There are 2 protein chains.
Amino acid sequence: MAPGTRQPTIKEVAASAGVSPMTVSRTLAGGVNVRPDLQAKVLAAVKELGYFRNENARSLRPGQASGLIGVAITNLGNPYYGNFALGVEEVAAKHGKRIVLGNTGEDCGREAQLVADFIGRQVEGLVVVPSGGAAEHLRADRLGDTPIVLASRQVAGLDVDTVLLDDVGGAYQGTLSLLESGHTRIGFLGNVPSVSTGQRRYIGYEKALAERGISPDARLIQRDQQDVEAARSAMERLLDLPDAPTAIFSANNRNTIGALKEIGRRIRSGAGATGFPAIVSFDSFELSEMMPVPVTVIDSDARQLGREAAELLFARLQAADSHGPSRMIELPVTVSMADR
Amino acid sequence: MAPGTRQPTIKEVAASAGVSPMTVSRTLAGGVNVRPDLQAKVLAAVKELGYFRNENARSLRPGQASGLIGVAITNLGNPYYGNFALGVEEVAAKHGKRIVLGNTGEDCGREAQLVADFIGRQVEGLVVVPSGGAAEHLRADRLGDTPIVLASRQVAGLDVDTVLLDDVGGAYQGTLSLLESGHTRIGFLGNVPSVSTGQRRYIGYEKALAERGISPDARLIQRDQQDVEAARSAMERLLDLPDAPTAIFSANNRNTIGALKEIGRRIRSGAGATGFPAIVSFDSFELSEMMPVPVTVIDSDARQLGREAAELLFARLQAADSHGPSRMIELPVTVSMADR
DNA sequence: CTGTTAGCGCATTCAC
DNA sequence: GTGAATGCGCTAACAG
C-alpha cells in the first residue's frame, strides 16, 4: 500500500469485489445467506486490499459489544502481576474477549485516568489491582454501568466483587511455624499498611503471636518498604539491634529479596554463613532453594488469582447484573519449606 | 458495559445541561469559545450523569487518531518483557498515547490474530517482539499503513525497523572471559535457533572459541531449551559427561535458572559445593550474588529496549513516513561478575 | 460564542 | 440472496 493511504474500508472492498458493502459485511460475519462465489470474490478483495474490519466502528452499533476487558495492574515489571494478567487473559479468551492492559505504577491518579480511558473505549468490564490510595473513581456509580472486579487487594468502603488471597491465614500459619520452632523474637518486614495485603498479613502475624501470649515488639516491626533496597535497609536495622530477631516474617516478595540481599552482603563481608534469622516469606521467588539460609515460602498462584477474578467478572456480565450484591472470594495459599 | 444498560451519550449531557451537543464537545475539548457559565453547566451535567466520552466514536472521525499503540510481547510472565512494556509505555505516555498490550505466548498464530485485532482497533503503530515462526502477517504491506517496530528479535527477510541487543558481542565477550580464565571446555545452553537471539548468541560463543582455535564440541552444546525444566535437564546431561565442561555459557535467563537448579540439586544431595563449572549468563536475574557458584552476568536494560523501540516508532509516525528505509539499532550490554 | 448539518465505517431493518 | 436506507456517538465546517 502506498504511503499516505488510509486503511481500506468496507466500501472499497465492495467496489473491488463488485458487490455491495452488505455482502462484504455478511461474508465477514460468517457468510450466511451469501453465495459461495461471491464470498470467494469478497475474500479475494479483502486479501488484495489488506482490509481489516474497523472494530471501533463496529462497536459503535447498538448491541455490539466492544469485546474488550480492561485490566489495570500496579506493576508490569513484577512477574506476579504478569502472571495474574495471563490468568485474566486466559479466561477472557475462553469467552472470546480480548484484554486491554494498563499499568498504574501504584499511582492512584494514573489508575483513575486508566479506568476512565477504558470506559471511554467501551470495555465491557474491568479487572483492577487497586493502587491503595483514594478510590472514588472505582465506585460503581462512577463507572457508568461497567462491572468491576478488584483483585489481590481490597479497598475499604468499596462494595464490589473482590478476589483476595488468604493473607491473614497464610501469615498466621507462617508465623506459627516459626513459633513452633521455638522462635519468640520474630521480626516483621512488610509493605505500607494502606495497601490491604500489607494490613492483612500483619494481622495474621499479630494473631499468631497473640495466641502464644507474645505482644508485638515495635522495634522488630518494619512495615513501610515498597522496594528491594528499602527492604534491605530495614533488614539491616533489624540485624543490628542489640537483641536481634531470631526469625523474620517477610510479608511479600520485595521484602524477602531485600532481606536476603542484606544477609548475602554480610556473608560476603566474612560474617560466616550461620547465625542468621530463619525466614518465612509470603510470596515465592525463583531459586529460593539456593539460599544460604532456609526459607519457608507462603505461595499462591498468581495465574489462578487472575482466572478467578475474570470468572467473577464474566459471571456478572452473563447475569446482566451489574448491581447485584458483591461477592468476595479468598484463595488458599500453601506453606512449604523451600524445596531443598 | 452490562447488556441492557447504556453509557450516557453526549446528547444526554447536552439535554441535561440545556445546551447543544457541540457545546459539550467543545467544553470537553478544552473549552475554547465557550462561555464559562455554560462550561460549568456542562461539567456539572457530565459529573451528574457519569459521562465518559466514547473514544471509539471519536476515533471514527477522519483525522482523529485513536491514541493507541499496539504492543505484542511473547511472555507476560517474564519480568524482562514486563519491563520492556513499561519502557514502551513510558515513551508512549510522553507522546500522549496509550498502549494496548497483548501476549502471544510464543505462538505465531496468536501473534497474527493479535496484530490483526490491533489494526482493526486503529492503533497508530505496533511494537512487536516476534515469536519466531513464519511472519507473513508482519510484512509492511500486510499491515495497511501501520508502522511496526520489532524488538529484541529480528525476523529474517522482514525489512522493518528493529531494535536488538548486541547479542553477538555480549556472547563473544562472555565466552572470551571464560577462555581467558583458562577454560577450554565450555558448554553452551541456549534456546531454539529459530529465535534470532538464540542464533545470534550462539554465533558470539562460536566466534570467541574460534579465535582461540577451539572448534565447538557438539556434545557440549544444548540449544533447544525453552523453559527452566528443560534447561535443568540439559545441564544434568552436561554434568554427567565423562569429560564434563569446566564452564557454561548460558544464552538466556531461563537456561541459567535451570542450570543453577541442577547445581543446587546436586549440592543438596551431598555433592559438596565445589567442582561445579563456572557460569556466564546472558540475562541477569535476582539474587545472582547469592549463588553457590560464581555467576558472571551479561546484562541489558529491558526498559531501555522498550524506550528505544518506542522512540523509533514515534520518529516514523512524526515523519509520516511509514515506508522509508528501515533502521536497525543494537543496544550495548554490560558484562559483569555478579555483584559479590 | 452557539447551533445545525453532515458523515466517519459498520450492521440492522426492511425492501426487492 | 442481495442491496438501500438508516443511525450508532462524535466533531469539522459552516451558518447564525
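Model, not experiment: these values are computed from the prediction. Labels below follow one simple rule: chain letters A, B, ... track the order of the sequence lines, proteins then strands, and each chain is numbered from 1.
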Rounded distance (Å) that lies between atom [atom2] of [N] and atom [atom1] of [X]:
| X | N | atom1 | atom2 | value |
| --- | --- | --- | --- | --- |
| B:Leu38 | C:dT2 | CG | C1' | 8 Å |
| A:Asn56 | D:dT11 | CG | C1' | 16 Å |
| B:Gln64 | C:dG7 | CD | P | 17 Å |
| A:Asn33 | C:dC16 | CG | C1' | 14 Å |

Quiz item: Charged N to carboxylate O below 4.0 Å: is that the case for B:Arg142 and B:Glu136?
Solution: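 B:Glu136 and B:Arg142: not salt-bridged.
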Determine whether the side chains of [X] and [Y] contain a donor N or O and an acceptor N or O closer than 3.5 Å.
| X | Y | result |
| --- | --- | --- |
| B:Ser131 | B:Glu111 | yes |
| A:Gln113 | A:His137 | no |
| B:Thr146 | A:Gln7 | yes |

Practice problem: Look at atom NZ of A:Lys97 and say whether more than 12 heavy atoms of other residues, nucleotides or ligands are closer to it than 6.0 Å. | Solution: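 Yes - once you tally the heavy atoms of other residues, nucleotides and ligands closer than 6.0 Å, there are more than 12.
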Quiz prompt | Identified side chain to side chain donor-acceptor pair (under 3.5 Å) counterpart of B:Ser326 within the set B:Asp161, B:Thr162, B:Asp159 | solution =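 With B:Ser326 as partner, side chain to side chain donor-acceptor pair (under 3.5 Å) holds for just one option, B:Asp159.
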Quiz prompt | Options C:dT13, C:dC1, D:dA13, nucleotide nearest the side-chain atoms of B:Met22 | solution =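 The closest nucleotide is D:dA13.
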Detail all sub-3.5 Å separations between protein N/O atoms and N/O atoms belonging to nucleotides 8-10 of chain D.
| from | atom 1 | to | atom 2 | distance (Å) |
| --- | --- | --- | --- | --- |
| D:dG9 | N2 | B:Ala57 | O | 3.4 |
| D:dC10 | OP1 | B:Tyr51 | OH | 2.4 |
| D:dC10 | OP1 | B:Asn54 | N | 3.0 |
| D:dC10 | OP2 | B:Ile10 | N | 2.4 |

Exercise. Report yes if a side-chain nitrogen or oxygen of B:Thr23 is closer than 4.0 Å to either non-bridging phosphate oxygen (OP1 or OP2) of C:dC1; otherwise report no.
Key: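 The answer is no; no side-chain N or O of B:Thr23 sits under 4.0 Å from OP1 or OP2.
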Quiz item: So, is B:Arg26 close to the C:dC1 phosphate, meaning a side-chain N or O under 4.0 Å from OP1 or OP2?
Solution: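 Negative; the distance criterion is not met.
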